[in-house]
Amino acid sequence: MEWVMLILGGLFVSNYVVVQFIGICPFLGLSKKVDSAVGMGIAVTFVMTIAAFVCYLLNGLLETLEIEYLALLVQILVIACLVQIIEIVLKKFSPSLYKAMGIYLPLITTNCAVLGIAQKVTGLAGTPPSPDVLHAIVTGFAYGAGFLIAIVILAGIRDKVEKSKIAKPFQGFPITLLCAACMAMAFVAFTQGFAL
Amino acid sequence: MNKKLKDTLLGGFTQNPVFILVLGMCSTLSVASANLMNAITMGALVTIVTLLSNTIISLLRKVIPDSVRIPSYIIVIATLVTILGMFMEAYMNDMYKTLGVFIPLIVVNCIIFARAEGFAKNNSVGYAALDGLSMGVGYTFALFCMAFVRELFGLGTLFGQQIWDFKIKFFQEAPGSFMTLALLIAAYTVVMQAIKNRKPKVKAPAEETTNTEVTE
């Protein structure tokens with residue numbers, strides 16, 4: 001049962017993007033086309049899952065050596081390395097996807113969502129840490145999937161919005177943010193409903 | 001005052017990181033702008049980190065090899081944030097708990113990284129420090145505007161002092177935050193445009209950046 005709560009939490013109730021405001025930059029920047037949104041979402045989910053796993057294990061090591069203050073530094077360096085590895089792998093095995101992602105692939109390093117999940121599973125984000133490795137991996141995956149859902153929905157909305165006439169000051173980011181506001185209102189329903 | 005000095009000094013406003021460059025969104029939308037106390041604290045933290053990281057990276061710009069510059073910047077910024085985080089935890093524990101995960105997330109605040117990569121690595125210490133300060137102040141200003149609206153309409157208070165009884169909880173929550181930012185960006189763009197139009201001698205750097213700027 002707790003698995004269901006965890007997954008629903010990551011997907012909807014505590015959705016990183018529209019409820020907790022984590023992972024906004026790519027959400028706003030890359031959601032113009034549904035294809036790139038899906039690609040970004042999958043890449044981020046992948047990085048988040050692995051980062052959650054690795055950071056959880058490394059945190060255990062840091063605790064044994066009693067150097068927890070290095071946690072933040074270690075986490076961000078792990079994430080940077082992961083993204084670099086993925087970049088190399090992608091370049092070799094799927095050059096078309098690599099080119100499609102362009103600059104947004106290295107930018108996953110500065111994606112709040114990835115560091116956010118690393119902080120969450122190691123208990124530095126205010127909530128208790130994950131009890132074991134499996135919880136950490138599922139948390140990473142669930143929150144990543146939540147990010148994917150949010151970014152794809154917004155891409156779909158933006159697709160339609162771009163075709164309408166919009167007042168000049170609102171073009172670009174303001175109208176995107178207003179769409180995000182409507183999405184957030186929808187997600188508030190989950191918060192009230194499940195009260196997690 | 002030469003042009004570069006003036007541009008750097010006013011950079012926080014003409015190229016406001018939040019309203020124009022659209023960076024550092026995560027913390028701008030979050031609890032950090034829910035009320036004015038949080039906003040000023042968060043703004044101060046980011047200003048300190050940006051100022052110091054710009055200074056350090058500018059000092060080391062000739063020493064750091066190009067191939068490892070990204071991890072180097074990460075180390076500098078993460079160290080600064082860790083120290084500030086510990087300081088907050090020790091001396092401002094309530095605020096530390098309120099801001100929660102957004103303090104470590106200053107490390108991945110796009111503003112700091114963008115300024116390091118875009119400015120500090122190519123400019124001398126003086127200009128880099130000034131840019132860091134300017135961007136930090138610009139960010140604080142943006143956060144202040146957000147918090148002003150969100151607190152005044154969401155809770156009816158300003159800095160905790162009750163101003164009126166009119167409360168719309170919407171502003172304190174996620175949707176209100178998105179909406180406030182949307183309206184503020186639109187308003188800021190209009191105001192900046194009006195200022196540029198009044199002074200024909202000022203060279204306007206591509207105003208269309210609002211629409212086509214790639215966020216990091």
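The sequence lines fix the lettering, A, B, ..., with proteins before strands; numbering per chain opens at 1.
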From [X] [atom1] over to [Y] [atom2], what is the distance, rounded to the nearest 0.5 angstrom?
X: Ile77(B); Y: Leu73(A); atom1: CD1; atom2: CG; result: 11.0 Å
X: Leu105(B); Y: Leu72(A); atom1: CG; atom2: CG; result: 9.0 Å
X: Leu181(B); Y: Thr176(A); atom1: CG; atom2: OG1; result: 11.0 Å
X: Ile111(B); Y: Thr110(A); atom1: CD1; atom2: OG1; result: 12.0 Å

Would you check, one step at a time, whether the test side-chain contact (heavy atoms from CB on, under 4.5 Å) holds for Val108(B) with Asn111(A)?
CA-CA 7 Å; Val108(B) 288; Asn111(A) 188 332; over 6 Å; no

Looking only at heavy atoms and a cut-off of under 4.5 Å, which of Leu70(A), Ile24(A), Thr109(A), Val114(A) has the most pairs with chain B?
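The option with the most such pairs is Ile24(A).
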
Return the minimal non-hydrogen interatomic distance between [X] and [Y], and the atom names on each side.
X: Phe21(A); Y: Leu29(B); value: CE1-O, 3.3 Å
X: Ala174(B); Y: Ala184(A); value: CB-CB, 4.0 Å
X: Ile76(A); Y: Ile74(B); value: CG2-CG2, 3.4 Å
X: Val17(A); Y: Phe178(B); value: O-CZ, 4.0 Å
X: Ile185(B); Y: Pro174(A); value: CG2-CG, 3.7 Å

Given the rule in the side-chain contact (heavy atoms from CB on, under 4.5 Å) test, do Leu177(A) and Met179(B) qualify, once you have shown the distances and angles that lead to the verdict?
CA-CA 6 Å; Leu177(A) 284 166; Met179(B) 198 181 91; over 6 Å; no

When you look at CZ of Phe187(A), are more than 12 heavy atoms from neighbouring residues, nucleotides or ligands closer to it than 6.0 Å?
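Buried by this count: over 12 neighbours within 6.0 Å.
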
Around atom CZ of Phe148(B), are there more than 12 heavy atoms from other residues, nucleotides or ligands closer than 6.0 Å?
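No, because the 6.0 Å sphere around CZ of Phe148(B) holds 12 heavy atoms or fewer from other groups.
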
Using a cut-off of under 4.5 Å on heavy-atom pairs, state which of Pro104(B), Ala78(B), Ala187(B), Pro175(B) scores highest against chain A.
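Looking at each option in turn, the highest pair count goes to Pro175(B).
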
